[in-house]
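One structure below.
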Amino acid sequence: MSQWVAPGSTTVVAVRQKIAPGWHTYWRNPGDSGGATSLIWTLPAGVTAEPILWPLPSRQRLMSLMNYGYSGAVLLPVPIHVPPTARPGEVLTLTTDAMFLVCSDRECVPEPMPLSLALPVREGAAPLAKPWGEEIERLVETAPRPAGIEARVTRQGGQLILTATGGPLSGDQAGADIGQVYFYPFDGGRIDHAAAQSGQRGSNGLTLTLTAGKDATQTALSGVLATDKGAWEITAEPGVPLAGAQGGGALKPLDETTATPAKTGALVFLQALGLALLGGLVLNLMPCVFPVLAMKAASLSAAAHDPARARRDGLAFTAGVLVSFLVLAGVLLALRGAGQAIGWGFQLQSPGVVAALALVMLLVGLNLSGVFHVGAGLQNAGSGPLSRLPGSAGAFFTGVLAVVVAAPCTAPFMAAALGAALVLSWPMALAVFLMLGLGLALPYLAISLSPGLLSRLPRPGVWMERLKGLLAFPMYGAALWLLWVFTRQGGVDALGLLLTAALLLALTAWLTGLAQAARQRDERPILTTICAIVVGVLALGLAGVAAGAARDADAAPQGDIGLLAAQPWSAAAVKAATASGRPVLVNLTADWCVTCKINERAALSSPRVTKAMREANAAYLVGDWTRRDDAITRELQAHGRSGVPLYLLYRPGRAEPEILPQLLTEGVVVDALKD
């Protein structure tokens, strides 16, 4: 800027940000999160201010997010126009209300700051002001501007093909000398900011392949095309690719060392492995997993007299857990790679999967109650010609069942591990999921491989049959819980169909038990077997009809959770409540999440919490993830999570919320509200 201004002239002032280490501010398009610096001017009559001439930002990667902004120190130039009516000798006072959003990797702090500058009016050209005048002048000269570049954007599936020709991109050597290329869009959501950008140079321009964002509409795409030769503003109109933008070879890959390093290195990988192992161990204590693992504990006790069989079953159980986690992780990563917004427990967002699991739990309970038998009984499991294969197969599928029912749970330590896994390369991500499975299976594997621990288990006896009958009831309870989830997803009519299917399946199990008893008496129960098959087919067909009815149903009915008056969650609702000066407690939950329901009954439904919420005048917003909701999925991802529960407490005047523990108590919530 100049030391003074002349009437009718234009000068440039700048807002200088000196940013503390580990913190950053944002460009005009902050990327996947954050907020741009804003300036609201109060100017003398006739004086006008143009928008900020934004310097080129740096790329700031945080897990699966990519932001655009600044660190260290940055100057934001603003052209100021002085009217010809300004009189020499007067002083023009420029005032602006600046709002900075300053963020670290863990929190963001909005910083409002009133700024003012007194500019003398004199005749004639003025020298540059010190100490920033020369740097401001350089920024103005190098700021991205239109440069006669013609651009087109073409949608091809999930990709946007950006072609640009002419201007500084033309000429025989332009493509060869252009170096690295990156496109910064002016508007968020038009492209996937975190996805890689690849390109080709051509005889008269270049081509960039971008990944379409959630708001990739068939309209013009504006932004900054940054290259080693310079940066220019372009507007790509929808249309066919331009000639001369391809065929000259690949552009130089983007040098990520120029950006904030991606936090997906060896240290994050090792941390994710450790957290996954701990999360898997804690998963053994979660309510949704306990019924199946109690069955496995009883099975180990039955095998205590046969170490070889115990080792075989322990390894088979571990294999079932690991294979299931591998399959589940592969499906999850594949769907996310295809652009689906899903997270941990995604399969229970499907009414068909919930219906199938409810029927499986019912069959397991009937088996434990002795209505029919799969393999040998607990007391005789170690003998007989079928003991080896059925025993190992049974242990394997018990491991599969344990993983299936563990899906609704997100134990402590799991959230960070799964969040990291979803941004690591796929081999590393699969390793994290396998470590989670190892944690789940580890206690049982350790017991099965240790003769000393096996010897401490009680010997089989009549008590084992009684225990087997007792363990049937947690399975019935799990089936009832899944029926409730199914009702929330599909309504009462679909529930009626599923209950009828469950009744027919129970009849099938009883007929199968009769046929098994007849075969033990050397009889041939052909009619009973045929009836069991027919009724079983009818039961499964009716279950499919119920699942289809639930899938086609409207959104599940909403209800209040506990004593708190809940409103539906949305980003707009959070913003409106905090803008009015109210704290906001956000509960991202799902009906199939047992941990969520325990927290809601034990902590969020208590009179103490209700009283604390009223005293704080806090809003309570509930995001229901029982059925798929991409907005909630994105909110989970924004906080490094891939599953529920997630509890956020927003306070007025703070951009980022406090994340509460996954296992809530009354005291945790009340203390957070008091703070």
When rounded to the nearest 0.5 angstrom, what distance separates [atom1] in [X] from [atom2] in [Y]?
| X | Y | atom1 | atom2 | value |
| --- | --- | --- | --- | --- |
| L208 | S198 | CG | OG | 7.5 Å |
| I191 | M66 | CD1 | CE | 9.5 Å |
| F100 | L76 | CZ | CG | 7.5 Å |
| E141 | I136 | CD | CD1 | 12.5 Å |
| L588 | L648 | CG | CG | 6.0 Å |
| L75 | R138 | CG | CZ | 8.5 Å |

Contact summary for [X] and [Y], nearest pair of heavy atoms:
| X | Y | value |
| --- | --- | --- |
| V47 | P83 | CG2-CD, 3.7 Å |
| P30 | Y26 | CB-CD2, 3.7 Å |
| P568 | A573 | O-CB, 4.2 Å |
| P77 | L139 | CG-CB, 4.0 Å |
| T37 | I52 | O-CD1, 4.2 Å |
| A49 | L43 | N-CD1, 3.7 Å |

With a 4.5 Å cut-off on side-chain heavy atoms, are [Y] and [X] touching?
| X | Y | result |
| --- | --- | --- |
| L119 | L117 | yes |
| L673 | M613 | yes |
| E656 | Y650 | no |
| V82 | P7 | no |
| V586 | P657 | no |
| P168 | I149 | yes |
| P144 | W232 | no |
| L206 | V181 | yes |

Exam field: side chain [X] to backbone [Y], donor-acceptor pair closer than 3.5 Å:
| X | Y | result |
| --- | --- | --- |
| N67 | D32 | yes |
| R190 | A220 | yes |
| D97 | P114 | no |
| T96 | I40 | yes |
| R155 | G157 | yes |
| T227 | Q180 | no |
| E90 | R87 | yes |
| N29 | P185 | yes |
| T209 | G199 | no |
| R582 | A577 | no |

Cut-off 3.5 Å, side chains only: do [X] and [Y] have a donor facing an acceptor?
| X | Y | result |
| --- | --- | --- |
| Q17 | T25 | yes |
| Y620 | N587 | yes |
| T95 | S116 | no |
| H81 | T48 | no |

* To do: Not counting sequence neighbours, which residues clear ring-ring contact (aromatic ring centres under 6.0 Å, His included) with F183? List them please.
  => none

* **Those residues that, when tested against T578, pass side chain to side chain donor-acceptor pair (under 3.5 Å) (two or more places apart)** => none

* Structure fact -> Residues at least two apart in sequence or cross-chain that pass side chain to side chain donor-acceptor pair (under 3.5 Å) with R152, listed by chain then number, are E150

* To do: Please assess L210 against L221 for the test side chain to side chain contact (heavy atoms under 4.5 Å, CB included), listing each intermediate value before the final yes or no.
  => CA-CA 12 Å; L210 313 172; L221 179 64; 4.3 Å; yes

* Given the rule in the side chain to side chain contact (heavy atoms under 4.5 Å, CB included) test, do H639 and I659 qualify, once you have shown the distances and angles that lead to the verdict? -> CA-CA 9 Å; H639 297 286; I659 300 179; 4.2 Å; yes

* To do: Please find out if less than 6.0 Å separates the ring center of H24 from that of Y70.
  => no

* Asked: Does R59 make a cation-pi contact with Y68 (under 6.0 Å, within 45 degrees of the axis)?
  -> no

* Asked: Given V584 and L649, is the side chain to side chain contact (heavy atoms under 4.5 Å, CB included) satisfied, shown in steps?
  -> CA-CA 6 Å; V584 180; L649 181 61; over 6 Å; no

* Step-by-step side chain to side chain contact (heavy atoms under 4.5 Å, CB included) determination, L225 to Y184 -> CA-CA 7 Å; L225 187 66; Y184 296 91; over 6 Å; no

